[in-house]
Amino acid sequence: MLDQKFVRENFAEVKERLSLRNGDFSYLDNFLKLDEERRKIIVEVEELKARKNAISKQIGIYKRENKDVTPLLEEMDLDDDRIKTLDERLRDLEEEIKLIMLNTPNLPNKNVPRGTSSEDNVEIRRWGEPTKFTFTPKPHWDLAETLDLIDFERAGKITGSRFAIYKKLGAKLERALITFMLDVHTQLHGYEEQLPPVIVNRDSMTGTGQLPKFEEEAFKLYNNQNYFLVPTAEVPVTNYYRNEILNGDDLPISFCAYTPCFRAEAGAAGRDTRGIIRQHQFNKVELVKFAKPEESYDCLEQLTRDAEHILQLLELPYRVVELCAGDLGFSSAKTYDIEVWLPSYNDYKEISSCSNFEDYQARRANIRFRRAPKAKPEFVHTLNGSGLAVGRTWAAIVENYQQEDGSILIPKVLRPYMGGLEYIR
RNA sequence: GGAGGAAUACCCAAGUGGUUGAAGGGAUCGGUCUUGAAAACCGACAGGACGUGCAAGCGUCGCAAGGGUUCGAAUCCCUUUUCCUCCGCCA
């Protein structure tokens with residue numbers, strides 16, 4: 001959420017920066033009007049309440065002294081209706097303003113490249129070279145079928161499309177990747193591990209920005225409309241500190257968490273229909289940081305490096321791109337996507353998205369910190385990134401490490417997690 | 001799921017309608033004393049949001065959350081949440 005005061009006082013700048021995103025923000029003009037009325041009403045109603053409080057206090061004193069209070073009571077009656085009317089109007093105004101604010105995305109950071117689509121994203125760096133083959137490589141869905149690593153058909157029977165059953169060494173590889181990623185982040189990068197609920201409530205979904213605007217993207221529980229399946233561990237882990245004031249000395253705080261992730265993929269019909277690239281349920285290890293404002297952009301660099309490190313250890317070629325303003329997620333001020341080389345796409349494919357939300361989520365979720373014991377609380381900056389999307393990593397390994405005989409060479413760092421196995425065949 | 005009980009500051013805790021605009025203790029911070037520390041003593045210590053003002057300040061709200069009753073609510077009523085005890089069920 002943007003700071004109301006900031007929007008009011010820097011209205012032109014806010015609109016200009018928002019306009020870098022795709023979308024129509026003319027509705028914001030209404031905010032100014034509502035906000036002005038709101039403040040006018042506050043002035044009036046608070047004055048009435050102050051008077052009322054004073055009279056009530058007088059009544060208390062009169063009663064103790066056994067004086068007649070009827071004149072005071074009469075004076076009060078007039079105020080009462082007016083207060084009620086104003087309070088109701090105020091509540092409506094505040095609700096309306098809140099709705100506007102909750103539906104307004106974050107301001108892109110000033111240094112974010114301009115652009116309207118992923119075409120305008122800027123490549124920052126590459127690591128490794130796209131894998132070369134002396135034979136025609138197969139897509140992971142073919143390899144998975146031949147090696148009996150995934151059963152898509154029965155998953156369709158059991159649940160529906162865009163679900164998969166990992167089998168045998170396929171299941172073990174997925175499990176190995178999860179453990180490997182968590183081990184690297186906790187042991188090498190200083191993240192604290194969490195294993196959070198995969199069902200969260202409406203307030204949590206609102207805190208990180210999934211609601212109210214993107215409700216159709218989320219899986220909702222049928223018997224409790226207040227509960228949602230997590231689309232990412234970002235939601236439970238960021239909301240860990242909702243409505244809390246942290247000690248500034250403890251920042252930055254770094255958490256990592258594995259969860260399955262659930263996405264409706266409402267607008268994605270026909271996209272990535274083969275394989276495990278786009279599923280309704282997938283596994284992900286997420287990195288989350290809470291930082292002081294002045295250090296959050298350093299934290300974003302570090303978090304991105306931490307995610308990249310996984311690919312380096314797995315020796316998978318990738319590149320890092322910075323998203324242009326038009327391609328930024330709703331809550332993000334700046335985002336790096338990490339894209340792994342995927343032979344079946346003959347292209348780089350997103351495997352991690354690392355973002356600095358600045359104080360946007362913190363204001364929604366009311367997460368603050370104090371620099372010193374008595375200091376005024378300030379909003380923290382929140383960051384997160386995939387470290388990494390496990391299913392896509394699985395696909396990248398299977399495709400990039402495939403051998404001419406159809407077997408999969410297991411990356412060295414994963415072998416301890418695979419019982420020393422060298423090949424899947 | 002059923003029956004009870006509870007929720008006040010960092011912690012313990014008083015408080016059942018009108019100087020409680022929240023007692024007391026502990027912890028913490030500052031000071032006196034001391035070579036230093038402890039103890040003792042003195043002082044500070046209910047947050048935060050919003051509004052208003054150049055500012056000092058003032059005002060509104062605030063005792064789990066949200067409503068309500070009342071001139072006035074921590075105190076009465078309703079709803080919700082969380083925790084505890086017992087019973088049932090269950091991995």
Side-chain angles (χ1 to χ4, degrees), chain A residues 1-10 31-102 195-207 211-212 221 223-228 236 239-250 260 359-380:
Chain A
M1 208 157 50
L2 302 178
D3 180 12
Q4 274 189 50
K5 219 175 272 179
F6 183 84
V7 175
R8 180 198 309 151
E9 288 163 8
N10 305 273
F31 163 81
L32 276 189
K33 280 203 308 241
L34 296 171
D35 181 63
E36 198 188 328
E37 188 185 349
R38 168 180 151 267
R39 283 180 295 137
K40 231 175 84 185
I41 288 179
I42 286 174
V43 171
E44 185 181 346
V45 79
E46 287 192 353
E47 204 213 306
L48 291 174
K49 282 181 181 172
R51 237 176 71 213
K52 191 171 163 175
N53 287 345
I55 297 173
S56 286
K57 207 170 159 185
Q58 272 303 312
I59 292 176
I61 294 167
Y62 273 38
K63 285 239 170 166
R64 216 172 308 117
E65 295 170 354
N66 282 318
K67 286 200 218 164
D68 180 25
V69 297
T70 28
L72 292 174
L73 289 176
E74 274 165 19
E75 194 176 340
M76 194 93 64
D77 275 354
L78 295 170
D79 295 344
D80 238 22
D81 287 343
R82 181 70 182 153
I83 288 175
K84 201 166 243 172
T85 312
L86 290 175
D87 265 345
E88 269 163 29
R89 178 64 185 150
L90 195 58
R91 207 178 314 166
D92 290 349
L93 282 169
E94 276 168 355
E95 208 169 299
E96 214 173 323
I97 289 169
K98 177 126 201 215
L99 205 62
I100 289 176
M101 298 311 283
L102 285 177
L195 190 60
V198 297
I199 295 174
V200 295
N201 60 31
R202 195 168 277 277
D203 286 343
S204 295
M205 291 288 275
T206 306
L211 293 183
L221 293 205
N223 59 349
N224 186 334
Q225 296 284 302
N226 199 35
Y227 282 175
F228 297 81
N239 279 280
Y240 184 76
Y241 285 128
R242 178 150 46 86
N243 292 328
E244 293 192 31
I245 299 177
L246 310 177
N247 182 347
D249 295 338
D250 296 338
D359 62 5
Y360 185 86
Q361 290 182 327
R363 188 170 282 106
R364 283 174 165 253
N366 192 28
I367 306 170
R368 294 172 294 174
F369 76 100
R370 258 188 250 276
R371 289 180 190 276
K374 301 273 180 189
K376 187 177 154 70
E378 302 170 52
F379 287 109
V380 300

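Per chain, numbering begins at 1; letters A, B, ... match sequence-line order. Here the structure is a predicted model, which means the values were calculated and not measured.
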Heavy atoms from other residues, nucleotides or ligands near CD of A:Glu65 exceed 12 (cutoff 6.0 Å): yes

Measuring to OP1 and OP2 of B:G72, would you say a side-chain N or O of A:Lys52 lies under 4.0 angstrom away? yes

Residue A:Arg39, side-chain heavy atoms: nucleotide from B:A49, B:U52, B:G59 that is nearest: B:U52

Quick note, A:Ser56 side chain, CB onward, closest among B:G68, B:U52, B:C71 is B:C71

Evaluate side-chain contact (heavy atoms from CB on, under 4.5 Å) for A:Arg38 paired with A:Leu90, printing each intermediate quantity in order. CA-CA 6 Å; A:Arg38 168 180 151 267; A:Leu90 195 58; 3.9 Å; yes

On RNA chain B, more 5' by nearest nucleotide between A:Lys57 and A:Lys84 is A:Lys57

What is the base-pairing partner of B:A44, counting Watson-Crick and G-U wobble geometry with both distances under 3.5 Å? B:U28

Separation of atom CD in A:Gln4 from atom P in B:C50, rounded to whole Å: 9 Å

Using the P atom in both, what is the distance from B:U82 to B:C42, to the nearest Å? 45 Å

To the nearest Å, give me how far apart CD1 (A:Ile367) and P (B:A49) are. 16 Å

Ranking A:Glu94 and A:Arg51 by the position along RNA chain B of their nearest nucleotide, the one closer to 5' is A:Glu94

Could you tell me whether the phosphate oxygens of B:C50, OP1 or OP2, come under 4.0 Å of any side-chain nitrogen or oxygen in A:Arg8? no

Counting just side-chain N and O atoms, does A:Lys5 come under 4.0 Å of either OP1 or OP2 of B:G51? yes

With P as the reference atom in both, quote the distance from B:A23 to B:G4 in angstrom, rounded to an integer. 35 Å

A:Lys376 side-chain proximity, nearest of B:A49, B:G51, B:C71: B:A49

When all nucleic acid strands are considered with a 4.0 Å heavy-atom cut-off, which category describes A:Ile42: base, sugar-phosphate, or nothing? sugar-phosphate

Rounded to whole angstrom units, what separation is found between the CD atom of A:Glu46 and the P atom of B:G53? 13 Å

With rounding to whole Å, what would you report as the distance between B:U79 and B:U60 at their C1' atoms? 26 Å

Pair A:Lys84-A:Asp81, salt bridge (charged side-chain N to carboxylate O under 4.0 Å, His left out): steps then yes or no: CA-CA 5 Å; A:Lys84 201 166 243 172; A:Asp81 287 343; over 6 Å; no

Between A:Asn243 and A:Asn366, do the side chains contain a donor N or O and an acceptor N or O under 3.5 Å apart? yes

Atom pair distance, as rounded to whole Å: CG in A:Leu48 and P in B:C71: 17 Å

If we ignore angles and hydrogens, is there a donor and acceptor under 3.5 Å between the side chains of A:Ser204 and A:Asn201? yes

Show me the pairs that pass side-chain hydrogen bond (donor to acceptor under 3.5 Å, both in side chains) and involve residues 42-56 of chain A, at least two apart or across chains. A:Glu44-A:Arg82, A:Lys49-A:Asp87, A:Arg51-A:Asp79, A:Lys52-A:Asp80

For the P atoms, the ones on B:G66 and on B:U81, what distance do you get once it is rounded to whole angstrom? 15 Å

Determine: side-chain N/O of A:Asn243 to OP1/OP2 of B:A65, distance under 4.0 Å, yes or no. no

Span that lies between the P atom of B:U80 and that of B:U16, in whole angstrom: 27 Å

So, does A:Asn53 get its side chain near the phosphate of B:G72, meaning an N or O under 4.0 Å from OP1 or OP2? no

Any side-chain N or O of A:Lys63 less than 4.0 Å from the OP1 or OP2 oxygen of B:G72? no

Inter-nucleotide C1' distance (B:A39, B:C33), Å rounded: 11 Å

Rounded to whole Å, CG of A:Asp35 lies from C1' of B:G51 at a distance of 11 Å

How many Å lie between CZ on A:Arg38 and P on B:C50, as a whole number? 9 Å

P spacing across the pair B:A9 / B:A3, given as an integer number of angstrom: 30 Å

